[in-house]
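This structure is in structure tokens; I'll ask about it shortly.
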Amino acid sequence: MAAVRTRFAPSPTGYLHIGGAWTAFFNWLFARHHGGVFILRIEDTDRSRSTQAYEAAIFEDFRWLGLGWQEGPDVGGPVGPYRQTERQDLYARFARELADRGAAYPCYCTADELDAERRRAERERRPHRYSGRCRDLTAAQRAAFEAAGRRPSLRLRVTDLAEPIVVDDLIRGRVVFEPEHLDDYIIVRSDGTPLYNFANVVDDHLMDITHVIRASEHLSNTPKQWVMYRALGWAPPAFAHLPVILGADRKKLSKRHGDTAVREYREQGYLPEALLNFFALMAWHPESEREVYALEELVREFRLEEVGRASPIFDLDKLTWLNGVYMRRLMGQAPGRVVDLCVGILQREGLLPADPGPEARAYLARVVEVVGERLKTGRDIIAYGDFFFRDVEYDPAAAAVHLTPASAPLLAAYADALADLEPFERGTIEAALRGVCARAGAEARALIHPARVALTGKTAGPGLFELTEVLGRERAVDRLRRAAAFAAGAVVP
RNA sequence: GGCCCCAUCGUCUAGGGGACCAGGACGCGGCCCUCUCAAGGCCGAAACGGGGGUUCGAAUCCCCCUGGGGCCA
């Protein structure tokens, strides 16, 4: 068998979608597993919606994911160009060839005429297919239409097909389409632009794609394309139709389900390796009962035939859990990357300047060291550690419980104890707190919880003593005194 | 409406005739650990959509129904 060549062909009309990235990943995995080539092709024929910015964004998101391509618009390759707008002459050439052979014919029907046909079919409650009234126009009739100023579209002649179309899908098995449901479909619009089912076939063939792995929303396009391959005299590639990822309501994953762009997950501080690991667990699962896999393992074990046919529902909870697993691992192996992750998040939140100096970075590193273990996503740095970067704001419920007149004297005494504590580090801080409580005849917890609220504003977060050390003496003492006053009943801004 | 696809715990899945009174994971509940939270440990609730076949035996094979989805209109 020839070397495996797969492709992913996004339209640059938006950011890389989760579903697209997942599909691309399976293409990538399959190619890698077989030592083949993964190609990126840009389907930008819809010029009104395609933009260069989106194209660049898609490249960027793929790079972030770590999915490289061997051929594509930016890196070139032997069967380029890899942008459909740059391949117009190719489509024109094959359209002409089809027309010359009579395998395709010009259709002069107007949109209104076709609408009328469709409505009539609906009224008579039969499925609509193109009537074929332009199939056998004489040269004179065509000339008359042309003279009347009508610009023809080009239709593929398929209605004389007799036998069923049988597609042996690598995932779905044998799928049979009866020919009577097909009609002569348009392959080139009257303005000369090629349609999906035409351009796609031309590209896949010319790019020598061996396996078309795509979402099953394209399954119903397959017979049309199948006919196209035949008309062009080409051997079709192998097809594999992946299920469609659904949202919690079991409808195709879309904006209204929340974040659907890879970029949005990136911005929230998800890790690419976690996302890929998560992708591998949708509609497929490696052999062992683990959930966490290195990329190389996935490449080694991936088998297209094992991919499930049922549509998975995007499970954000599981993704987040998996991301937490990777975050914790990173804390042990490369805490710097967690710091990098948090820098972007904090900047977007306005808690860190655009260009943090080495001092700010060092501080952030200490913060991460203290909160890192509980970060499931980068964004959690806000939930768990915002107080490291801005003034505390008491959570009303937490203040009501812990900043009471009873805790005021303890907070004040603790502030005094910390004011001249030397050295100021977690061990001595803890001893100071316990000393204050012992002298007051109170339990440690009677001060620990109020102190936490005083310093962080919340009831949950990193260890109190570590956090206090990172916060530093000045801010800690200041916040404790303010909380003591607040607790005593004074209104403190 | 037409065509096509799909169907195991709430979710992701293992299972491809006896190894299954169905395994793992997320989530959920309880307990432990503990300065809180997270993590971790232990325990628990939780599924083969229904009906017919085939077979000595079906989650696993076939048919029908039901339900869900995708595409086209």
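In the text below, chain A, chain B and the rest are named by the order of the sequence lines, each starting its count at 1.
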> Of L219(A) and E306(A), whose nearest nucleotide on RNA chain B comes first from the 5' end?
Replying inline: L219(A)
> Below 4.0 angstrom, N of the basic side chain to O of the carboxylate: do E393(A) and R482(A) qualify?
Replying inline: no
> So, for G247(A) and I313(A), which heavy atoms are closest and what is the spacing to 0.1 Å?
Replying inline: O-CG2, 3.6 Å
> Closest to the E289(A) side chain: rC71(B), rG23(B), rC12(B)?
Replying inline: rG23(B)
> When you compare rG27(B) with rA38(B), how far apart are their P atoms, in angstrom units rounded to a whole number?
Replying inline: 11 Å
> Any side-chain N or O of R250(A) less than 4.0 Å from the OP1 or OP2 oxygen of rG67(B)?
Replying inline: no
> Taking all atoms of both residues into account, what is the closest heavy-atom pair of R366(A) and V470(A), and its distance?
Replying inline: O-CG2, 4.0 Å
> Considering only the C1' atoms, how many Å lie between rC71(B) and rU13(B), rounded to the nearest integer?
Replying inline: 27 Å
> Given that both distances must come in under 3.5 Å, which nucleotide forms a Watson-Crick or G-U wobble pair with rC48(B)?
Replying inline: none
>> I'd like the C1' distance from rA22(B) over to rC62(B), given in whole Å.
In response: 23 Å
>> Measuring only the P atom in each nucleotide, how far is rA25(B) from rA45(B)? A whole number of Å is fine.
In response: 15 Å
> Watson-Crick or G-U wobble partner for rC42(B), using a 3.5 Å limit on both distances?
Replying inline: rG30(B)
> Just how far, in rounded Å, is P of rA73(B) from CZ of R123(A)?
Replying inline: 19 Å
> Could you give the CZ-to-C1' distance, from F239(A) to rC71(B), as a whole number of Å?
Replying inline: 16 Å
>> Whole angstroms only, please: what is the CH2-C1' distance between W284(A) and rG24(B)?
In response: 16 Å
>> With rounding to the closest Å, how many angstrom separate the C1' atoms on rG53(B) and rC12(B)?
In response: 33 Å
>> Nearest to the side chain of M282(A), heavy atoms from C-beta on, is which of rC3(B), rC12(B), rC71(B)?
In response: rC12(B)
> How long is the line joining CD of Q225(A) and P of rC72(B), in whole Å?
Replying inline: 13 Å
> Taking atom types as modelled and ignoring hydrogens, do the side chains of R214(A) and H241(A) form a donor-acceptor contact shorter than 3.5 angstrom?
Replying inline: yes
>> Taking D203(A) first and then R41(A), would you say they form a salt bridge - that is, a charged N and a carboxylate O separated by under 4.0 Å?
In response: yes
> Which of parallel (below 30°), tilted (30 to 60°) and perpendicular (above 60°) describes W226(A) and F239(A)?
Replying inline: tilted
Measure all distances between protein nitrogen or oxygen atoms and nitrogen or oxygen atoms of nucleotides 6-9 of chain B, and list the pairs falling under 3.5 Å.
none

>> Going by purine N1 to pyrimidine N3 plus the second Watson-Crick contact, or the G-U wobble pair, all under 3.5 Å, which nucleotide sits opposite rU55(B)?
In response: none
>> Can you confirm whether the side chains of Q268(A) and T377(A) place a donor and an acceptor under 3.5 Å from each other?
In response: no
>> Just the rounded figure in Å: distance from P of rG27(B) to CG of L319(A).
In response: 12 Å
>> So, applying side chain to side chain donor-acceptor pair (under 3.5 Å) with N221(A), which one of E217(A), K224(A), Q225(A), H218(A) is it?
In response: H218(A)
>> Counting the atoms with a prime plus P, OP1 and OP2 as sugar-phosphate, which does D317(A) contact under 4.0 Å by heavy atoms, base, sugar-phosphate, or nothing?
In response: sugar-phosphate
>> Can you build the contact string for nucleotides 32-49 of chain B? Use B for base contact, S for sugar-phosphate-only contact, and - for no protein heavy atom under 4.0 Å.
In response: ---BBBSSS---------
>> Would you say K251(A) places a side-chain N or O within less than 4.0 Å of OP1 or OP2 belonging to rG69(B)?
In response: yes
> Does R329(A) count as lying over the ring of Y326(A), i.e. NZ or CZ under 6.0 Å from the six-ring centre, within 45 degrees of the axis?
Replying inline: yes
> Just how far, in rounded Å, is P of rC71(B) from NZ of K224(A)?
Replying inline: 13 Å
> Taking 4.0 angstrom as the limit, do D184(A) and R135(A) come out as a salt bridge?
Replying inline: yes
> Y293(A) and S288(A): side-chain donor and acceptor closer than 3.5 Å?
Replying inline: yes
> Does R155(A) make a cation-pi contact with Y130(A) (under 6.0 Å, within 45 degrees of the axis)?
Replying inline: yes
> With both distances under 3.5 Å as the test, what is the Watson-Crick or G-U wobble partner of rA25(B)?
Replying inline: rU11(B)
>> Measuring only the C1' atom in each nucleotide, how far is rA58(B) from rC20(B)? A whole number of Å is fine.
In response: 11 Å
> Could you give the CD1-to-C1' distance, from I313(A) to rC26(B), as a whole number of Å?
Replying inline: 14 Å
> R118(A) has a side chain; which of rC71(B), rA73(B), rG24(B) sits nearest to it?
Replying inline: rA73(B)
>> Without decimals, in angstroms, what is the distance between L114(A) CG and rC72(B) P?
In response: 17 Å
>> Counting only Watson-Crick pairs (N1-N3 plus N6-O4 or O6-N4) and G-U wobbles (N1-O2, O6-N3), all under 3.5 Å, who is the partner of rC71(B)?
In response: rG2(B)
>> With rounding to the closest Å, how many angstrom separate the C1' atoms on rC9(B) and rC4(B)?
In response: 29 Å
> What interatomic distance, in whole Å, is found between P of rU8(B) and the corresponding atom of rG49(B)?
Replying inline: 6 Å
